[in-house]
Amino acid sequence: MKIASWNVNSLKVRIPHLTQWLADAQPDVVALQETKLEDAKFPVDELTAAGYHAVYSGQKTYNGVAILARNNGELKFDDVVTDIPGLDDPQRRILAATVGGVRVVDLYVVNGKAVGDEKYEYKLHWLERVRAFLEQEIKRHPRLVVLGDFNIAPDSRDVYDPDSWGEEVLCSPPERAALKDITELGLNDSFRMFEQDGGHYSWWDYRQGAFRRNMGLRIDLILLGDALKSSVKAAAIDREPRRWERPSDHTPVTVDLDI
DNA sequence: ATGGTCGCCCAGCGA
């Protein structure tokens, strides 16, 4: 089973990129973030034509998450969750579903704007509520995959210039501690199971030719529950779609599981 | 030295 995560930064704009990438990469399950679409406008027909069905939790203009699964007759969605205890949140950032025997939790983590901003305080609160939810999820579903745009670079290897970035938002110690509280539930950063070096990023700012200069961050993660660790055959970042015309600022990340 | 790009839709915010 190949599982992917991609922040598409508007599914309406990126549907050609998504359908091309689905054809190229042939993933079984794909978590999307920043769809920026109301559910009534979700591109069901285009995705059906591409061979995928979907669950989605969207809103106008901002946020929005979706999970796609290949239409091969086996990958049905069960136990869909869009809201968690302790977060009465109109922002559509969380979507959980069971598919193919795997529990998938798609997250579009709050960006936080700047350390100390009220959005930053909300980010830390949001992450704590998500941690509590995941603690319950992994008990019920040991075969747990938590993936998405975490808006946190786990350590300095995940930042193009850690000295200049310092302890700003996406890299601040409290954010990294909140992520550690999640990974310590027994959720493993799949990319780091295969690659220890820095310089591998999943997001590059649209400005300053950041992609061309590889000035990026690795903030899109696929965390695998301990029960899935022995099944992982590969984890990768696919930079190709970031090279295409009118790209998302994020590129897809993937894992291959032998299940 | 300052501001630099997208996407939402047309003003300015969020990332």
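In the text below, chain A, chain B and the rest are named by the order of the sequence lines, each starting its count at 1. Remember, predicted model here, so these are calculated numbers, not experimental data.
- Taking the C1' atoms as reference points, B:dC8 lies 26 Å from B:dT2, given to the whole Å.
- In this structure, A:R213 reaches neither bases nor backbone, as no heavy-atom distance under 4.0 Å exists between it and the strands shown.
- Relative ring orientation between A:H250 and A:W203 is described as tilted, the plane-to-plane angle lying within the 30° to 60° band.
- Taking atom P in both B:dG4 and B:dG12, one finds a spacing of 16 Å when rounded to whole Å.
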(request) Test A:D88 against A:R129 for salt bridge (charged side-chain N to carboxylate O under 4.0 Å, His left out), laying out the working first. (result) CA-CA 11 Å; A:D88 184 14; A:R129 296 322 306 160; over 6 Å; no
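- Comparing the C1' positions of B:dC9 and B:dG14 gives a spacing of 14 Å, expressed to the nearest Å.
- Within the nucleic acid shown, A:F211 has no heavy atom closer than 4.0 Å to any nucleic acid atom.
- Within a 6.0 Å sphere centred on NZ of A:K180, other residues, nucleotides and ligands contribute 12 heavy atoms or fewer.
- For an aromatic pair to be called close, the ring centres must be under 6.0 Å apart, and A:W244 with A:W21 fails this.
- Taking atom C1' on both nucleotides, B:dC6 is separated from B:dA11 by 15 Å, rounded to a whole Å.
- Chain A approaches DNA chain B within less than 4.0 angstrom (heavy atoms of the protein), and the contacting nucleotides run 5' to 3' from B:dG4 to B:dA15.
- In this structure, A:T61 and A:Q91 both approach DNA chain B, and ranking their closest nucleotides by distance from the 5' end singles out A:T61.
- The nearest heavy atom of DNA chain B to A:K41 and to A:Y62 marks one nucleotide each, and the one closer to the 5' end goes with A:K41.
- Judged purely by distance below 3.5 Å, without hydrogens or angles, the side chains of A:N9 and A:Y206 pair a donor atom with an acceptor atom.
- Every residue two or more places apart in sequence or in another chain was checked for a ring pair (Phe, Tyr, Trp, His ring centres under 6.0 Å) with A:Y62, and none qualifies.
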